[in-house]
Amino acid sequence: MHLKEIELYGFKSFGERVKIELNPRLTAIVGPNGSGKSNIVDSIRWLLGDQSYKSLRVPSSSEVIFKGAENDAPFNFSHVGIVVDLENEGEFQVERKYHRSGENEYVLNGKVVRLKDIRSLLSTMGFGLGSLSILSQGQIDSILSLVPTDRRAVLEEVA
Amino acid sequence: MHLKEIELYGFKSFGERVKIELNPRLTAIVGPNGSGKSNIVDSIRWLLGDQSYKSLRVPSSSEVIFKGAENDAPFNFSHVGIVVDLENEGEFQVERKYHRSGENEYVLNGKVVRLKDIRSLLSTMGFGLGSLSILSQGQIDSILSLVPTDRRAVLEEVA
Amino acid sequence: KKNFKEVFDQAKINFEEIFHNLFPEGKAELSLSDPSNLLESGLDIRVEFPGKKELDLLQFSGGERSIIAIIFLFSILKTKPPSFVILDEVEAALDDINVDKFIKLMRQFSDKFQFIIVTHNKLTMEYAGELRGVTMKKGGMSQVVSISIDDWLSEYADTLN
Amino acid sequence: KKNFKEVFDQAKINFEEIFHNLFPEGKAELSLSDPSNLLESGLDIRVEFPGKKELDLLQFSGGERSIIAIIFLFSILKTKPPSFVILDEVEAALDDINVDKFIKLMRQFSDKFQFIIVTHNKLTMEYAGELRGVTMKKGGMSQVVSISIDDWLSEYADTLN
Ligand SMILES: Nc1ncnc2c1ncn2[C@@H]1O[C@H](COP(=O)(O)OP(=O)(O)OP(=O)(O)O)[C@@H](O)[C@H]1O
Ligand SMILES: Nc1ncnc2c1ncn2[C@@H]1O[C@H](COP(=O)(O)OP(=O)(O)OP(=O)(O)O)[C@@H](O)[C@H]1O
Ligand SMILES: [Mg+2]
Ligand SMILES: [Mg+2]
């Protein structure tokens, strides 16, 4: 089972529909400072329901929506989707759509579901949603905290 | 006025007497991970009287002393000195010697003085001892703190 | 859910094994600060790099802390492998010798989980082979292209001159 | 000691000037959060990179934050130049284009203060010219040699292969 594709439209700096195909083993994302690399990482956290403004690097929830650019008007919605490849058992698609009005929708293979449904489906398939599977920029130093009980919390994520 | 030379003996990983000559304009210190580059930066902070274990990266004050290595026994003292070049007015030397017994000595041109004397001499000469003139590894991100009043504190260092 | 002790015992074996594999002449140990109190005990990490004395975590260099953190991360992930792992510039503080060790680690785990990594490091790019280049050609709007490392490095070099 | 307002006014001019110099099509502003309360007011930093909208400091990328922090640092140092400045890997998060801007800044300040910098970046090393290589040939004991950049890069490449 692996992540086959990420699609972003209206999420942060992605004011154009962008599809990123991923290699089943290893994909390296490169680019100049401020081009949008970490925004891609944030998009997966956001899709899987991360609520923390700090880890999503936004001052408020509507700031995930494309603010516009030099010649482009701001959007009213933000849309992120992933396609998961199940090897012999086909594939499935998970999407999140958010509107500036505050309306929020999670979609599984075209059907609207709750976030809870998505998370329980993913964890039964061994998708592993522990916080250690996504390490944001600068986080590597904090997992080795100087405080022994903080280190324990890191292990408890998977226990 | 500029820093002409740093001498280390028994400070952290410097178990041999090492003299580092500095270029009056720019000197780049390079080397593999763990070779002792940031220890040189710490040695200047320590010489100028920085007391914070956190910024010196030591668990206690005696941990600045060379702990020994593969084939070398630990030391009992730690010694750091700098030579300051005053262009047409000659030069002067500042040293700090610390012994595992806890004895601490500041020396200016061969004469034992107090730390206060060194700091007031250096600041009358425009040596500038504000905390901004030494930026340790990883500190660049924290000077741009997200909290406006923390940013003020940065400015107050020089005000 | 596994219980804490089971996960800890497994992570301990992994941590010591992975460290030994990357630094054969060094020593590493993961232990419980208070084994008599499983419910609250913290974790102690002791590491000795080859030729060096044991140090408090505080005394290691920036790069040494990063490589220890990466090994700690992999040793925990190995106890319950997720299907994918996303790492954003985790090797930024490493010199080329330690980047090589990070790459060796990724190679050893490449059949366990899918890696998606963000990097500026040319050695890491070379190992990955397949790159996705993110740019903002039109001001403020991200675009992504599939690109080979040679094209990326030559395109990049152009922007510099 | 100068009073706070004097230093602030000077730092504001410096910050906006230095930013404009490095990013001619961008905008930057340093201001007091509460100008009516000089004793306690915080500092607001607003920055727009070329082609991009204004953002909250939180929304900038790792590299963008670093270059803003470096400009903020230099704009304060310029109000009361110390005789030397020591910087330990401040440009670690920057890509080559922004490292070039950091180098440009050091060049512009090279007659104001002496720089002592720790770096792994090859562009920074090339600008410095004069290197001090720190190594631990004998396990656990630091040694320092004066070395040219060519010798350093070739010696380094040897350790890799
Ligand atoms: N809501 C938004 N609308 C438009 N653009 C946004 C929005 N939020 C963030 N951005 C843009 O995203 C940029 C930051 O992108 P990101 O953090 O992904 O960069 P990066 O490629 O990781 O760079 P680095 O190499 O410096 O870490 C900001 O400069 C900003 O222009
Ligand atoms: N008291 C001490 N006695 C002996 N060695 C010490 C002592 N304190 C620290 N060290 C050594 O110094 C090393 C750390 O050095 P330092 O932080 O200067 O590395 P660095 O060159 O800055 O590396 P990096 O590129 O990773 O930042 C430790 O690994 C340790 O071996
Ligand atoms: Mg980033
Ligand atoms: Mg260092």
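Note on naming: letters A, B, ... go to the chains in the order of the sequence lines (proteins, then strands), and numbering restarts at 1 for each one.
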Is any side-chain heavy atom of [X] less than 4.5 Å from a side-chain heavy atom of [Y]?
X        : Y        : value
A:Arg25  : C:Asp111 : yes
C:Gln114 : A:Leu22  : yes
A:Asn33  : C:His120 : yes
C:Thr119 : A:Lys37  : no
A:Ile44  : C:Phe84  : yes
A:Leu135 : C:Asp88  : no

Nearest 0.5 angstrom please: [X] [atom1] to [Y] [atom2], how far?
X        : Y        : atom1 : atom2 : answer
A:Arg152 : C:Leu39  : CZ    : CG    : 6.5 Å
C:Ser83  : A:Asp85  : OG    : CG    : 11.0 Å
C:Ile86  : A:Leu132 : CD1   : CG    : 13.0 Å
A:Ile29  : C:Ile116 : CD1   : CD1   : 6.5 Å
C:Phe72  : A:Leu155 : CZ    : CG    : 6.5 Å

Exceeds 12 heavy-atom contacts within 6.0 angstrom, atom [atom1] of [X]:
X        : atom1 : result
C:Arg46  : CZ    : no
C:Glu54  : CD    : yes
A:Glu103 : CD    : no

Name the region of [X], side chain, backbone, both or neither, that has any atom closer than 4.5 Å to a heavy atom of chain A.
X        : result
C:Thr124 : neither
C:Ile147 : neither
C:Glu40  : backbone
C:Glu89  : side chain
C:Ile45  : both
C:Ser66  : both

**Q.** Top of A:Leu8, A:Val18, A:Val41 for chain C proximity - count of heavy-atom pairs under 4.5 angstrom
**A.** A:Val41

**Q.** Winner by heavy-atom pair count (cut-off under 4.5 Å) against chain C, out of A:Val30, A:Val154, A:Ile143, A:Thr27
**A.** A:Val30

Q: Could you point out which residue of C:Asp44, C:Leu57, C:Leu32 forms a side chain to side chain contact (heavy atoms under 4.5 Å, CB included) with A:Pro148?
A: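 Going through C:Asp44, C:Leu57, C:Leu32 one by one, the side chain to side chain contact (heavy atoms under 4.5 Å, CB included) with A:Pro148 is satisfied by C:Asp44 alone.
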
(Q) Looking at every heavy atom in both C:Arg132 and A:Asn23, which two are closest together, and how far apart are they? (A) NH2-N, 4.3 Å

Q.
For a quick test of reading the model, state the closest non-hydrogen atom pair linking C:Ser142 to A:Phe14 and the distance between them.
A.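 Taking every non-hydrogen atom into account, CB-CE2, 3.5 Å.
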
Contact origin within [X] toward chain C - heavy atom pairs under 4.5 Å:
X        : value
A:Ile40  : side chain
A:Ser136 : backbone
A:Pro32  : both

(Q) Below 4.5 Å, heavy-atom pairs only: which of C:Gly42, C:Ala93, C:Ser75, C:Gly62 has the largest tally toward chain A? (A) C:Gly42

Q | Donor-acceptor contact present, side-chain A:Glu16 to main-chain C:Met141, <3.5 Å | A | no

